[in-house]
Number of protein chains: 2
Amino acid sequence: MSQRHIESQRKASGSGRGKDGDGAERHEAIYRSISDAIIEHRLKPGARLREDALAEVFGVSRTGIRKILQRLALEQLVTLTPRRGASVTRPTADEAKDVFDARQMVECGLMPEVARRITDDDVRELRDMARREREALRAGEQSTAIKLSAAFHERLAQLSGNATLAEFVGRLCSRSSLILAVYGNAGHLGCESHDHDDLIGYLEAGNGERAAAFMGRHLKAIEASLSIIEETEEAPDLHSIFGR
Amino acid sequence: MSQRHIESQRKASGSGRGKDGDGAERHEAIYRSISDAIIEHRLKPGARLREDALAEVFGVSRTGIRKILQRLALEQLVTLTPRRGASVTRPTADEAKDVFDARQMVECGLMPEVARRITDDDVRELRDMARREREALRAGEQSTAIKLSAAFHERLAQLSGNATLAEFVGRLCSRSSLILAVYGNAGHLGCESHDHDDLIGYLEAGNGERAAAFMGRHLKAIEASLSIIEETEEAPDLHSIFGR
DNA sequence: CTGGAGATGATTGTATACGCCAGGCGGGCA
DNA sequence: TGCCCGCCTGGCGTATACAATCATCTCCAG
């Protein structure tokens, strides 16, 4: 028992607490680690996630890993095939369309309410997020930029005051990140340079209609930038598709 | 090991298979059993769900029950408090508002697409569902009526062809059922008599706009029928609020 | 009589052990 | 030589055992 816990110490990067922490918090941290790795494309779609390996890396037993994996599966970030284990979800073209249609409906629909409720503090926060995203983009840190972009959209949804829809948008953004990993062009990242800044401007002016329309175009632009040309791929791709 | 499986036999109501089935299917069945019980108000908000008890009732070990409970928690049908176990979620007034706002946005937004895609077979199926719901209502079978009503809305969303949004609507409907259990008036059930039939009529005519507007009024009517007068209740209510 | 502290019991959280199934591989046969 | 069948191993699914924690009850002191 103790051996494992000792193992876990080396993983706890920066965590000063000597024991193994609260447990629940550790699981949350692990969940976020894996989730971030997927969203940032450090774990690519199709990558297999073996329970034993994850359990060893994070210094917990398979039980905890299984719980986390199931949560990720429910959010459709990983796919759980009955006796084959977990792997990072590889979205289909249909799913991609569904996700972006859903975002179109929900995120645009939320804009008027956001414009109505937004405060100066919120505007400041959003501008800061947009700035950091731009910086990451300019620095070539794609991983960070992708995560920040998703975070921006999610934060925006939260400002509507509807927690249920905000959570939904959060999930859609996560899945969008996966979709970008599969169908996105390398050089052409999700959100364009100052789209987000322009959007903030409309919201700050209280113009929900303009914001909604702009968000619509913004999402359409992202979707259009995807190259949804799936299937009919050669042997080497089969290799990666089937995970090994 | 075998003792437990023998125990499970008595539970498997009507299940002819001698062994313990596929396992995954059994879990799915248990999940649906609990989910249905909650949606049909046979398990009331606040009811505690002890793992041991459930494990014994369904003839599986706690491990499987935990998995199911966590899934239900992610769908917000049950609440998992850290070391206190699981209980049927008691929605707050804010959550109720969020859920109905979300339904307003998504379900109405879906109507045009549904009107565009609906087939004669779909219409037949929907009419049948509406008829069964009316019959259940007339027979005084509230549980059945509630479930059928939720199923109707979910099926409707599925007809849009967007699986992601359909799943979301399904969850919203489940939560709505919970909300009705807490804030609904006894005599005044969720969906009125032939609202659903009228809605089918608009869809069959391909009139998405009318259908969306009608759906909007339909949901508003349900929401308005709620008596969202929470808190400031006397001692006996405190008793039930805190679950024991 | 009341408030607090300790012990006890109940219940969840975690880890481990075992069984099963699928896929891979080697040998045998056509 | 090519195909098919059987074994074997790796990894998941489930159950059980253990440990930790919180609530409650009781007893004692003020």
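Scope of the values below: all heavy atoms of this structure, side chains included, with no hydrogens, waters or symmetry mates. Chain naming here is simple, since letters A, B, ... match the order of the sequence lines and numbering starts at 1 in each. These numbers were taken from a predicted model, which means no experiment stands behind them.
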Engineer: Tell me if a side-chain donor or acceptor on B:Asp122 pairs with a main-chain N or O of B:Thr119 at a distance below 3.5 Å.
Structural biologist: yes
Engineer: Roughly, in whole Å, what's the span from CZ in A:Arg48 to P in D:dG10?
Structural biologist: 13 Å
Engineer: Of the non-hydrogen atoms in B:Val114 and B:Leu156, which two are nearest, and what is the gap between them?
Structural biologist: CG2-O, 3.5 Å
Engineer: Can you check whether A:His41 reaches A:Leu180 side chain to side chain, under 4.5 Å on heavy atoms?
Structural biologist: yes
Engineer: Using a distance-only test with no angle check, is there a side-chain donor-acceptor pair under 3.5 angstrom linking B:Arg175 and B:Gln76?
Structural biologist: yes
Engineer: Between B:Ser174 (side chain only) and B:Gly170 (backbone N and O only), is there a donor and an acceptor less than 3.5 Å apart?
Structural biologist: yes
Engineer: Rounded to the nearest Å, what distance is computed from the CD1 atom of residue B:Ile30 to the C1' atom of nucleotide D:dT14?
Structural biologist: 12 Å
Engineer: If only side-chain N and O atoms of A:Arg50 are considered, is one of them under 4.0 Å from the OP1 or OP2 phosphate oxygen of D:dG11?
Structural biologist: yes
Engineer: With a 4.0 Å limit, can you tell me whether A:His27 has a side-chain N or O closer than that to the phosphate oxygens OP1/OP2 of C:dG13?
Structural biologist: no
Engineer: Over how many whole Å does the gap from A:Glu51 atom CD to C:dT16 atom P extend?
Structural biologist: 15 Å
Engineer: Please give, in whole Å, the distance from C:dC21 C1' to A:Arg84 CZ?
Structural biologist: 11 Å
Engineer: Rounded to whole angstrom units, what separation is found between the CG atom of A:Asp52 and the P atom of D:dT9?
Structural biologist: 17 Å
Engineer: Kindly indicate whether the side chain of A:Arg62 and the base of D:dG13 share any N or O donor-acceptor pair separated by less than 3.5 Å?
Structural biologist: yes
Engineer: Check DNA chain C against residues 63-71 of chain A and give the residues with a non-hydrogen atom under 4.0 Å, in numerical order.
Structural biologist: A:Thr63, A:Lys67
Engineer: Just one of B:Asp101, B:Asp94, B:Val99 clears the side-chain contact (heavy atoms from CB on, under 4.5 Å) bar with A:Asn162, so which one?
Structural biologist: B:Asp101
Engineer: Rounded to the nearest 0.5 Å, what separates atom NE2 in B:His153 from atom OG in B:Ser149?
Structural biologist: 4.5 Å
Engineer: From CZ of B:Arg26 over to P of D:dT14, roughly how many Å is that when rounded to an integer?
Structural biologist: 11 Å
Engineer: Among the candidates C:dT14, D:dC22, D:dG13, find the nucleotide nearest to the side-chain atoms of A:Arg83.
Structural biologist: D:dG13
Engineer: Whole-Å distance between D:dG11 P and A:Leu49 CG?
Structural biologist: 14 Å
Engineer: Rounding to an integer number of Å, can you tell me how far B:Leu80 CG sits from C:dT14 P?
Structural biologist: 11 Å
Engineer: Would a distance-only check, ignoring hydrogens and angles, find a side-chain to backbone donor-acceptor pair under 3.5 Å from A:Ser227 to A:Tyr183?
Structural biologist: yes
Engineer: Using five base pairs at each end, measure the axis-to-axis angle across the helix from C:dC1-D:dG30 to C:dA30-D:dT1 and round it to 10 degrees.
Structural biologist: 0°
Engineer: How close do A:Ile39 and A:Lys147 get, counting heavy atoms only, and between which atoms?
Structural biologist: CG2-CA, 4.4 Å
